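Numbering of ligands and ligand atoms starts at 1, following listing order. In this text, all values refer to a predicted model and were calculated from it rather than measured experimentally.
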Amino acid sequence: MEWDVFLAPYSQAVDELKIKLRGYRDFYEIALKNSPIEFVTGRVKPVPSILEKARRRGIPLDQLNTQMQDLAGIRVMCQFVDDIMKVVEMIRNRTDLNVVEEKDYIKEKKKSGYRSYHVVVQYPVQTITGEKKILAEIQVRTLAMNFWATIEHSLNYKYKGNIPTDVKVRLLRAAEAAFRLDEEMSQIREEILIAQQHFSQKNADEE
Ligand code: 0O2
């Protein structure tokens with residue numbers, strides 16, 4: 001398998017989608033509105049992770065393009081839970097991609113405590129041999145959900161997927177705390193938004 005060649009369109013898709021989704025922030029800023037997007041990151045799945053997931057899921061390597069939906073991965077971080085569906089709606093309305101699947105791990109969190117909204121999209125990339133439609137997974141989550149997921153992900157890596165029970169229990173408690181933090185922030189949302197508008201106006205005036 002020539003990984004560089006196979007993954008090149010995925011890398012292109014990640015670069016393009018990062019720019020496109022980051023663009024929303026600028027549009028909101030110009031319109032002097034609070035952006036539902038705080039920041040955007042993206043990555044192509046590293047080859048060892050691809051091989052591990054393919055083995056775990058029994059996916060033949062020649063079917064990766066149709067059966068592994070997160071070779072190209074984008075993450076959109078929001079300040080508030082309510083922003084998540086605004087971002088999802090903006091993604092659904094785009095005419096440069098097709099949404100093929102949505103997974104709501106916010107309504108129904110994973111057993112681990114993981115919360116996020118996943119949108120799987122089919123995105124066309126123009127390659128030297130013509131157009132290639134590739135799958136990309138966009139994960140939309142709050143900053144608190146992202147904090148939890150990042151920590152849990154590194155612990156999973158450290159313990160090679162077998163996190164000890166006591167740590168798992170603590171992680172579940174931490175997930176509960178992150179959920180409550182999101183709830184608290186939602187309740188003072190209006191106040192925070194007004195403060196942030198004053199702040200960005202003040203910065204603009206000083207420039
Ligand atoms: P990485 O390193 O982020 O690429 P599965 O991966 O089998 O659970 P599925 O159906 O392939 O699930 O896709 P799903 O549910 O959309 O989840 C894929 C990705 O969501 C994961 O990619 C993680 O990024 C994230 N995710 C899902 N569950 C959890 C969780 O319990 N904890 C954390 N931290 N992240 C999660 P990868 O391939 O696992 O890893």
Side-chain angles (χ1 to χ4, degrees), residues 1 3 6-15 17-18 21 37-78 81 84-85 87-88 91-92 97-123 134-182:
M1 182 91 151
W3 286 107
F6 173 70
L7 292 175
Y10 292 90
S11 165
Q12 179 71 20
V14 168
D15 288 346
L17 285 168
K18 272 196 301 193
L21 295 176
I37 294 177
E38 190 61 15
F39 66 96
V40 179
T41 63
R43 59 97 184 100
V44 174
K45 207 177 191 60
V47 175
S49 307
I50 299 175
L51 292 172
E52 187 277 321
K53 189 163 179 173
R55 194 180 38 78
R56 180 162 44 87
R57 295 289 211 83
I59 301 173
L61 292 188
D62 60 357
Q63 287 173 34
L64 284 177
N65 56 339
T66 53
Q67 294 198 29
M68 202 172 284
Q69 298 175 322
D70 63 342
L71 292 173
I74 299 286
R75 261 177 210 152
V76 181
M77 267 55 71
C78 308
V81 179
I84 293 175
M85 287 321 285
V87 175
V88 171
I91 296 169
R92 287 180 187 146
L97 52 78
N98 270 325
V99 172
V100 294
E101 199 181 343
E102 293 186 21
K103 299 179 208 170
D104 187 348
Y105 297 129
I106 295 174
K107 250 193 206 126
E108 200 121 347
K109 63 172 194 277
K110 284 201 161 186
K111 254 202 346 256
S112 58
Y114 177 77
R115 288 159 67 237
S116 249
Y117 197 101
H118 293 189
V119 184
V120 180
V121 301
Q122 199 181 41
Y123 180 76
I134 67 146
L135 291 174
E137 183 176 80
I138 306 175
Q139 302 178 344
V140 192
R141 45 171 79 154
T142 61
L143 297 168
M145 293 174 194
N146 188 52
F147 177 41
W148 184 91
T150 307
I151 303 284
E152 197 260 4
H153 192 270
S154 27
L155 283 173
N156 242 318
Y157 187 78
K158 174 178 174 192
Y159 291 110
K160 299 189 175 68
N162 295 309
I163 300 180
T165 312
D166 59 320
V167 181
K168 265 191 195 160
V169 171
R170 279 175 193 278
L171 277 170
L172 278 171
R173 255 189 260 155
E176 191 53 42
F179 176 75
R180 280 201 307 276
L181 177 61
D182 273 335

Worksheet, complete the sentence: Near Gln139 (heavy-atom distance under 4.0 Å), the atoms of ligand 1 are 19 (C), 20 (O), 23 (C), 24 (O), 25 (C)
Worksheet item: Which of the atoms of ligand 1 are close to Arg56, meaning less than 4.0 Å from one of its heavy atoms?
Response: 7 (O)
Fill in: Asp104 side chain to Ile106 backbone, donor-acceptor under 3.5 Å
yes
Item to complete: Could you tell me which non-hydrogen atom of Ala149 sits nearest to which non-hydrogen atom of Arg141, and how far apart they are?
Response: CB-NH1, 3.6 Å
Fill in: Heavy-atom closest pair, residues Ala175 and Gly113
CB-O, 3.7 Å
Worksheet item: What residue and heavy atom of the protein are closest to atom 37 (P) of ligand 1, and at what distance?
Response: Lys45 NZ, 3.6 Å
Response to the item:
Tightest non-hydrogen contact, residues Thr41 and Lys18, listed as C-CD, 4.0 Å
Response to the item:
for atom 8 (O) of ligand 1, nearest protein heavy atom and its distance come out as Lys110 NZ, 2.9 Å
Worksheet item: Where is the tightest heavy-atom contact between Cys78 and Val140, given as atom of each residue plus distance?
Response: SG-CG1, 3.8 Å
Practice prompt. Quick one: look up the protein heavy atom nearest atom 22 (O) of ligand 1 and list residue, atom name and how far away it is.
Written response: Asp70 OD2, 3.4 Å
Worksheet item: So among Asp15, Leu64, Leu135, Asn65, which one has a side chain to side chain contact (heavy atoms under 4.5 Å, CB included) with Tyr10?
Response: Asn65
Worksheet item: By number and element, which atoms of ligand 1 are closer than 4.0 Å to a non-hydrogen atom of Glu137?
Response: 14 (P), 16 (O), 18 (C), 19 (C)
Fill in: Closest protein heavy atom (residue, atom, distance) for atom 15 (O) of ligand 1
Tyr105 OH, 2.6 Å
Discussion item. I want to check something: taking the side chain as every heavy atom from C-beta on, are Met68 and Asp70 in contact at a cut-off of under 4.5 Å?
Written reply: yes
Worksheet item: Do you know the tightest heavy-atom contact between Thr142 and Met77?
Response: O-CG, 4.5 Å
Worksheet item: ligand 1 versus Lys109, non-hydrogen atoms closer than 4.0 Å: side chain, backbone, both, neither?
Response: neither
Worksheet entry | Lys103 neighbourhood, listing ligand 1 atoms whose heavy-atom distance to it stays under 4.0 Å | 9 (P), 10 (O), 13 (O), 14 (P), 15 (O), 16 (O)
Response to the item:
Checking heavy atoms under 4.0 Å, the part of Arg57 that sits near ligand 1 is side chain
Worksheet item: With a cut-off of 4.0 Å, which atoms of ligand 1 are near a heavy atom of Ala149?
Response: 34 (N)
Item to complete: Please could you name the atoms of ligand 1 that Arg43 approaches to less than 4.0 Å, counting only its heavy atoms?
Response: 1 (P), 4 (O)
Discussion item. Out of all atoms in ligand 1, which are within 4.0 Å of some heavy atom of Ser112? Include the element for each.
Written reply: 30 (C), 31 (O)
Worksheet item: So which heavy atom in the protein is nearest atom 32 (N) of ligand 1, and how far is it from that ligand atom?
Response: Glu152 OE1, 2.7 Å
Worksheet, complete the sentence: Ranked by distance from atom 6 (O) of ligand 1, the top protein heavy atom is Lys53 NZ, 3.3 Å
Discussion item. Using a 4.0 Å heavy-atom cut-off, which part of Thr150 comes near ligand 1: side chain, backbone, both, or neither?
Written reply: neither
Worksheet item: Which class fits the ring pair Trp148 and Tyr114: parallel under 30°, tilted 30 to 60°, perpendicular over 60°?
Response: tilted
Item to complete: Considering heavy atoms of the protein only, find what lies nearest to atom 1 (P) of ligand 1 and give residue, atom and distance to 0.1 Å.
Response: His153 NE2, 3.6 Å
Item to complete: Mind running side chain to side chain contact (heavy atoms under 4.5 Å, CB included) on Ile134 and Leu71 for me, showing each step along the way?
Response: CA-CA 9 Å; Ile134 67 146; Leu71 292 173; over 6 Å; no
Worksheet item: Which residue and non-hydrogen atom of the protein lie closest to atom 3 (O) of ligand 1, and at what distance in Å?
Response: Arg75 NH2, 3.4 Å
Worksheet item: If every non-hydrogen atom of Gln122 is compared with every non-hydrogen atom of Val100, which pair is closest and at what distance?
Response: CB-CG1, 4.1 Å
Response to the item:
At under 4.0 Å between heavy atoms, what of Met68 touches ligand 1? The answer is neither
Item to complete: Among Glu152, His153, Lys158, find the one that has a side-chain hydrogen bond (donor to acceptor under 3.5 Å, both in side chains) with Asn156.
Response: Glu152
